[in-house]
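Letters go in sequence order (proteins before strands), and every chain restarts at 1.
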Amino acid sequence: MKRRANGGRVDRSKPINFTFEGKPYQGFQGDTIASALLANGVKLIGRSWKYHRPRGVVGDGAEEPNAIFQVEQGALTIPNVRGTQAQIYHGMIVNSTNAWPNVNFDVMSVFGLFSRFLPAGFYYKTFMWPQKFWMAYEHIIRQASGLGESPKELDPDHYEKTNAHCDVLVVGSGPSGLMAALAAGRSGARVMIADEQEELGGRLLSSRAIINGKPAADWADDVIAELGRIANVTIIPRATVFGYHDANFLTIAERLTDHLAPRERRGARERVWRVRAKQVVLATGAHERPIVFANNDRPGVMLASAASTYTNRYGVKLADKAIVFTNNDSAYQTAIDLKNAGASVVTLVDSRAEAGIPVDDVKAAGVIVVTACAVVNVIGKAAVIAAEIRNISGDGKSISGALQRIDCDLVATSGGWNPAIHLFSQSGGKAVWNDDKACFETGAVVQQQTSVGAANASFALDDCLTEGAAAGSAAAKAAGFDAPDFSVRVPTSDAPGETSLEPLWRVPTDGFPGLGPKAFVDPQNDVGVSDIYLAAREGFESIEHVKRYTALGFGTDQGKMGNISGMAILSEALGNKISDTGTTTFRPNYTPVTFGAIAGPDVGNTLSDPVRKTAMHTWHQENGALFEDVGQWKRPWYFPLERETIHQAVDRECLAVRSSVGIMDASTLGKIEIIGKDAGDFLNIIYTNAWKKLGINCARYGFMLGEDGMVMDDGVTVRLAEDRYFMHTTTGGAATVLSWMELWLQTEWPELEVYLTSVTDHWATAALAGPNSRKVVSAVVEGIDFDKEAFPFMTSREGFIGGVAVRVNRISFSGELCFEVNVNANYGRFVWQQLMLAGEEFNITPYGTEAMHVLRAEKGYVIVGQDTDGSVTPTDLGMSWALSKAKDFLGKRSLARVDTMREDRKQLVGLLTDDPNEVLQEGAQVVNQPSEDTPLPMLGHVTSSYRSACVGRSIALALVKGGHRRMGETVYVTTDDGRFVAAQISPTVFIDPNGEKQHV
Amino acid sequence: MLLIECPYCGTRDESEFSYGGEAHNARPADPDALTDEQWADYIFYRQNPKGLHRELWNHSSGCRRWFNAIRDTVSYKFQCVYKIEDPRPELAEANTTISAGEKS
Ligand SMILES: [Zn+2]
């Protein structure tokens, strides 16, 4: 065991058993996967994705590139869990993500032997062309580059969402975040503080500093306890603020149960908070960056801050012989921490000519200090066994002198700190380069927000405390909480001052940069110094392009550890300043968020869209209907009898309508009441035909065009009274048409007195079609004279069925005698059943959308959105008769444009195949001649195509260039099995061309 | 997600609104008097400025009223909103230095 006897925040009285790669291990309550594995002496925890090199834990937080695990199995499995942040629990099953078949014997490590042949751009160059090779490689590549596996079963968990408002949202609970929350909380402001770790306290939990005379972690505990007592402060633990959007809208993923054993989990697994904050304080800290040198990815090479965390917070004895390699003062404490934790030899290698301020403390602790030196290489494969040291010049540009080998089992490195400006950048702010501190920091603030502490490039503990307190007070004040009597006394710590760091991104090599063993910048994507230099050599200059060429920063860690180093090394390769190279874009999410958390309560629904059902839906279900989705509606598709195929059912339904009577649920058609003294004038401009002379209780078919002259919607409108019209729209177009009419009424003609009311759901509609339909309605409807003369085609009457008021419209979408019965939707099913009873003696047949489509196609009636596509005018449809010449209407002027008057536009025609049994495919291309030559000029395409039992053959509608003038000519239509089918252009009306049947 | 002020309801989340394109694109009084070019200018051509833009918004999941807004297409910030019948406010100085919209 590598666990120290005491120290740290783990509870040694609560052992926890878990497995890693199938082997049992024991940690303690409070351990993360990473700390528990390190405490068990497990250094090799995964393989890299490209070269499959052995990898170990590097960091202690969100920046971790290697300790990425697959946790649990089956439906509960989660890929890409950061072992540095996930707490262990009893029975936890942990597996490596990147090893196949296992972490210690990895067949893919053979890739590592060929690393010279897998340079940057390898994937582009090899697999992008020719495309068919990708098919052959894909399987093996996917297996080799496993970045976790998503569960294949349904997610058994549930998730919630919460909307919240607050005065001050504090992100992060390190020293600056705690002080900000405290200052704002004491003022009475509504404060929320979120932290991504298992415990609040941030880096204070790893620190050995003394604040106000107390160990830093104890001081943090006191502040957290006080925050817990303030009623207006909400603490959100285990919560990652993953997105910072416009107008201070932030999204937070709170993990509620992932830290518990599955059998102990209760309630929702995750909760996404959608927070609107008046003020935001970003106390997101900083990520330490490594110094890049040869073989710096070997297990045992770690960030200095992480070494301190595992030593101090988790009580792990990381090393017997350690090297701390730094270019700044912050890692001096790590050297002391390691020595105090029992390392026999600790060597501090400082690349600077002069040692830092704490050098006497370090020496007093027994640490050997060497300056003007650098680690140039580490020895060891599955674990570090030694490091090689050489002299480095003051400017960091060259190395010299003899190679000195130092045995060690840990190399802790610090190249300085990168402020975690991710959320600041997401908020719209630009990162700016700070030359003195050698880091990107926040530039101009765009939203109501402050960055404090390490996130503001103020790395000293006392500065963090001071800035946090000031920002908390200022934020509360800005949010309107200006109580004079609250105050926060800023505590002081014993942290020493710091000398400035000397930038050192990579240790130079003899000869060309990147020569020699691979030196890794982004370990998760196996991007090394040589890859960045190669990209520069191949002409890439933009960091965004280099990112995509090398995959720098593309992993689940999004390059939190390596990106800035990569940008600095690219600048060096290009001879640019870092400030000119700039950063890549920081995008949400800060760390990966599960799909479950994003879907929230909608997990498990196939669609989050609502389902709309008509008042007769249950009757359709009881009578065996199969349903079709039309927009959000469920519509009966057809009603098969026992063992009937769709063709048999549709043929039967169509023949019933043509020979006796059918009944269809037409409730889904959009319905809008248009009321007001100017309603007629309004319809006159909205529709292409004239409306003002339409009599009361009369109906008219109308086209609605966009101002570009293209067909937008169609339908029948009935005039109910002098100032009242009842408009039908297509099922899918109802909402669009309502918005369209509102737009014109409100913005162009506000003086018109017109009121629009959507009544689609208020009415249920049953359409009775067929020669016997009059007999059925006559038998069951009271109060209406159905005589042909008394109730002519395109008129409307009011009556009763079983005492229920109905409105009957005599209109037709099948070409047959037809009566559409409208009733308050609450009586929809009742009325439907009365009609069915009355129709029994005529074998009344319910029919669905499929038969409806065939029936209307036989008559050449168009369906907007099927036979039209937004580029079709009424003239193209052969329906110029619907265009008024006497008045203006929306889109009219466009019909007189040169382009819309062309005679070779695509026009709607009928197609009759030479072989009457051949049913064309909808969408199939129409051409003049079958030919192997390409490109083959396209004339248009088939828009509707059916087998028609009534016509006794196949029929089709198609949009064909200049089709109206080509009646009787033969064209050819493609099929998906590569044939050309001959078809004759015909009129669009296939039966009853004079429309006699609907007038009987 | 932006906060948008509906002149009738007050400030609401962006998700309650829909965008209606450039404002003040009045329908010509006599379309037949226009050339094809003039008509095309009305139907197809828009300013699409970088900076302040007068545009139409609809409080579609709220009161369903259309209104005008002046918004900076670079920073997305609303300068103001005004009712359809209100006089047009002056454009403020455009703030085009912030490039929240310039994402690569
Ligand atoms: Zn409103």
Side-chain angles (χ1 to χ4, degrees), chain A residues 163 243 245-251 274 276 425-430 443-447 542-545 547-548 582-587 685 706-710 735 738-740 742-751 756 758 888-901, chain B residues 1-5 8 11-15 18-40 42-44 55-61 63-68 71-72 74-78 83-86 95 97-104:
Chain A
N163 292 298
H245 308 273
D246 293 299
N248 268 6
F249 181 75
L250 292 93
T251 45
R274 296 151 45 90
R276 204 56 98 161
S425 300
Q426 289 177 25
S427 79
K430 276 269 188 239
V445 171
V446 177
Q447 302 200 30
S542 154
I543 184 63
E544 295 286 2
H545 294 160
K547 169 182 172 170
R548 283 152 183 82
T583 66
T584 48
T585 310
F586 296 89
R587 289 192 179 84
I685 190 95
E707 276 282 61
D708 59 1
M710 304 303 154
L738 181 68
S739 296
W740 173 248
E742 284 178 330
L743 172 67
W744 287 104
L745 275 177
Q746 291 181 33
T747 62
E748 200 66 38
W749 302 297
E751 69 278 7
L756 306 173
S758 166
D888 189 19
F889 55 83
L890 294 179
K892 185 182 189 186
R893 173 65 184 82
S894 288
L895 300 176
R897 292 175 64 227
V898 171
D899 185 64
T900 43
M901 294 197 301
Chain B
M1 180 162 56
L2 297 170
L3 275 178
I4 299 174
E5 188 196 338
Y8 302 93
T11 303
R12 298 287 189 276
D13 277 349
E14 178 187 346
S15 54
S18 45
Y19 180 62
E22 187 178 308
H24 308 302
N25 185 41
R27 189 166 198 271
D30 184 3
D32 287 335
L34 302 183
T35 64
D36 273 10
E37 283 72 22
Q38 288 167 323
W39 180 250
Y42 156 68
I43 320 176
F44 300 120
E55 52 199 25
L56 274 170
W57 284 82
N58 183 222
H59 192 188
S60 43
S61 297
C63 64
R64 294 195 66 82
R65 300 296 293 266
W66 287 92
F67 57 90
N68 295 315
R71 191 180 63 100
D72 191 319
V74 177
S75 68
Y76 312 151
K77 284 216 171 67
F78 283 79
K83 295 178 183 176
I84 297 295
E85 65 271 25
D86 286 347
N95 179 7
T97 54
I98 300 156
S99 49
E102 291 180 313
K103 290 177 177 158
S104 42

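- Taking chain B as the reference chain and counting heavy-atom pairs below 4.5 Å, the highest number among A:K892, A:E707, A:H245, A:E742 is found for A:E707.
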Please assess B:K77 against A:V446 for the test side chain to side chain contact (heavy atoms under 4.5 Å, CB included), listing each intermediate value before the final yes or no. CA-CA 10 Å; B:K77 284 216 171 67; A:V446 177; 4.0 Å; yes
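- A:D246 CG to B:I4 CD1: the interatomic distance, rounded to the nearest 0.5 Å, is 10.0 Å.
- Once rounded to the nearest 0.5 Å, the distance linking CE of A:M901 with CG of B:D36 reads 7.5 Å.
- Counting heavy-atom pairs closer than 4.5 Å to chain B, the top residue among A:T251, A:D708, A:D888 is A:D888.
- Highest contact tally toward chain B, considering only A:P750, A:S894, A:A444, A:A896, is held by A:S894 [criterion: heavy-atom pairs under 4.5 Å].
- Looking at B:F44, only its side chain comes within 4.5 Å of chain A, counting heavy atoms on both sides.
- Using a 4.5 Å cut-off between heavy atoms, B:I43 contacts chain A through its side chain alone, with no backbone atom that close.
- Atom CG in B:N25 sits 9.5 Å away from atom OG1 in A:T747 (nearest 0.5 Å).
- Annotation: the span from A:S739 atom OG to B:W66 atom CH2 amounts to 7.0 Å, rounded to 0.5 Å.
- We find the CZ-CZ distance between B:R27 and A:R893 to be 11.0 Å, quoted to the nearest 0.5 Å.
- The local environment of NE2 in B:H24 is crowded, with over 12 non-hydrogen atoms from other residues, nucleotides or ligands closer than 6.0 Å.
- Both the backbone and the side chain of B:D13 come within contact range of chain A, with heavy atoms under 4.5 Å apart.
- In this structure, CG on A:L738 lies 5.0 Å from CZ on B:R64, to the nearest 0.5 angstrom.
- In this structure, chain A has a heavy atom under 4.5 Å from the backbone of B:T35, while its side chain stays farther away.
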